[in-house]
Amino acid sequence: MILEYCGVDYEDKRYQMFGEPPNVDTSQWFDVKFKLGLEFPNLPYLIDGDIKMTQQWAIMKYLARKFGKLLPKSEEETRRCDMAQEEERDLWIAIVRMLFSPDIVEAKTIFLEETVPKQLDAFEKFLSDKDWMAGATLTYVDFEICKRLDVLTEMKLDCLDKYPNMKKYKERFFALDKIAAYRCSNRFKEYPIFAQVAKWGFKKEI
């Protein structure tokens, strides 16, 4: 989404897994994983000329610096971005634990009824009446947090209803012209959210 927002041409390289757990064929990725010249081979990765990078936050910060957009504009905004980034990481860890729990039904229930409200309550107070996590400035942090909010509302459509600041924040982000256009294009893939090795998010639930 950062590349779309910055109006940059790019190749969205994706690797497929075949089969169903526990017999999933991951060879399409692992056949090349250690042949791409990546210092820390992983997904996602970015190749920009001679620059080769992994780790999503490192990539997002690099892109923000490269295109001179989406960076905090003061020490206060930087401080807020740093904290929001770490809080998002905690949410991501909780999501991963839920996705690979032995009992996905119980884990998903606990996640949505206990973990998510605590996280959203903290974000709700942190955001307050500000437009973006940094304050007045849209930054790279908003892209990742709004992506996570999109996942949460896919799990439970009304999960933001008790958090008006966060609900408006998500709506504000996805209403940005270039983001809205991207999500209406054939470049946007709603699913899979996660690979089939996870216990939710590979196919849309009916």
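Bear in mind that the values here come from a model prediction, so they are computed numbers and not experimental data. Note: hydrogens, waters and symmetry copies are ignored here, and every other heavy atom, side chains too, is used.
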Determine whether a donor-acceptor pair (N or O, by modelled atom type, separation under 3.5 Å) exists between the side chain of [X] and the backbone of [Y].
{"X": "K52", "Y": "L36", "answer": "yes"}
{"X": "T137", "Y": "A134", "answer": "no"}
{"X": "E4", "Y": "Y182", "answer": "no"}
{"X": "K189", "Y": "N186", "answer": "yes"}
{"X": "T54", "Y": "F40", "answer": "yes"}
{"X": "D142", "Y": "M133", "answer": "yes"}
{"X": "S101", "Y": "M98", "answer": "no"}
{"X": "E87", "Y": "M83", "answer": "no"}
{"X": "E124", "Y": "N165", "answer": "yes"}

Would you check if there is a donor-acceptor pair between the side chains of [Y] and [X] at a distance under 3.5 Å?
{"X": "Y62", "Y": "D48", "value": "yes"}
{"X": "S27", "Y": "D25", "value": "yes"}
{"X": "Y45", "Y": "Q55", "value": "no"}

Test K33 against Y15 for side chain to side chain contact (heavy atoms under 4.5 Å, CB included), laying out the working first.
CA-CA 11 Å; K33 179 177 180 178; Y15 296 90; over 6 Å; no
Can you tell if the side chain of [X] reaches within under 4.5 Å of the side chain of [Y], non-hydrogen atoms only?
{"X": "D12", "Y": "R187", "result": "no"}
{"X": "I2", "Y": "L70", "result": "yes"}
{"X": "F100", "Y": "V197", "result": "yes"}
{"X": "Y140", "Y": "I145", "result": "no"}
{"X": "L176", "Y": "L138", "result": "yes"}
{"X": "F18", "Y": "T26", "result": "no"}

Tell me whether the count of non-hydrogen atoms from other residues, nucleotides or ligands lying under 6.0 Å of [atom1] in [X] goes above 12.
{"X": "K125", "atom1": "NZ", "answer": "no"}
{"X": "K130", "atom1": "NZ", "answer": "yes"}
{"X": "L157", "atom1": "CG", "answer": "no"}
{"X": "R97", "atom1": "CZ", "answer": "no"}
{"X": "E190", "atom1": "CD", "answer": "yes"}
{"X": "Y5", "atom1": "OH", "answer": "no"}

Going only through I, L, V, M, F, W and Y residues with side-chain contacts under 4.5 Å, is there a path from [X] to [Y]?
{"X": "V96", "Y": "L152", "answer": "yes"}
{"X": "L43", "Y": "W57", "answer": "no"}
{"X": "I193", "Y": "I93", "answer": "no"}
{"X": "M53", "Y": "Y10", "answer": "yes"}
{"X": "V24", "Y": "F194", "answer": "yes"}

Could you label the plane-to-plane angle of the F173 and W132 rings as parallel, tilted or perpendicular, counting under 30° as parallel and over 60° as perpendicular?
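It falls in the perpendicular class, over 60°.
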Residue pair K69 / C6: nearest heavy atoms and the distance that separates them:
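For K69 and C6, the tightest heavy-atom pair comes out as CD-SG, 4.0 Å.
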Where I95 and F111 come nearest, the two heavy atoms and their spacing:
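Closest approach of I95 to F111, heavy atoms only: CG1-CZ, 3.4 Å.
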When rounded to the nearest 0.5 angstrom, what is the spacing between [atom1] in [X] and [atom2] in [Y]?
{"X": "C146", "Y": "E171", "atom1": "SG", "atom2": "CD", "value": "10.5 Å"}
{"X": "L120", "Y": "T115", "atom1": "CG", "atom2": "OG1", "value": "10.5 Å"}
{"X": "K168", "Y": "L127", "atom1": "NZ", "atom2": "CG", "value": "10.5 Å"}
{"X": "I59", "Y": "I47", "atom1": "CD1", "atom2": "CD1", "value": "10.0 Å"}
{"X": "L149", "Y": "C159", "atom1": "CG", "atom2": "SG", "value": "7.5 Å"}
{"X": "K170", "Y": "L160", "atom1": "NZ", "atom2": "CG", "value": "6.5 Å"}

Return the set of residues passing salt bridge (Lys or Arg N to Asp or Glu O under 4.0 Å) with E144 (not counting sequence neighbours), or none when no residue passes.
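With neighbours one apart ignored, the set is K147, R148.
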Quick one: does NZ or CZ of R80 land under 6.0 Å from the six-membered ring centre of F126, within 45 degrees of the ring axis?
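Flagged: R80 positioned over aromatic ring of F126.
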Side-chain ion pair, D150 and R183, N-O less than 4.0 Å:
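Yes.
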Presence of salt bridge, D158 and K156, under 4.0 angstrom:
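Yes, this pair counts.
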With side chain to side chain contact (heavy atoms under 4.5 Å, CB included) as the test, would you mind laying out the steps for F174 and M1 before giving the verdict?
CA-CA 10 Å; F174 286 113; M1 287 192 293; 4.2 Å; yes
Just do the side-chain hydrogen bond (donor to acceptor under 3.5 Å, both in side chains) check on Q119 and Y163 with the steps written out, would you?
CA-CA 11 Å; Q119 298 267 187; Y163 308 95; over 6 Å; no
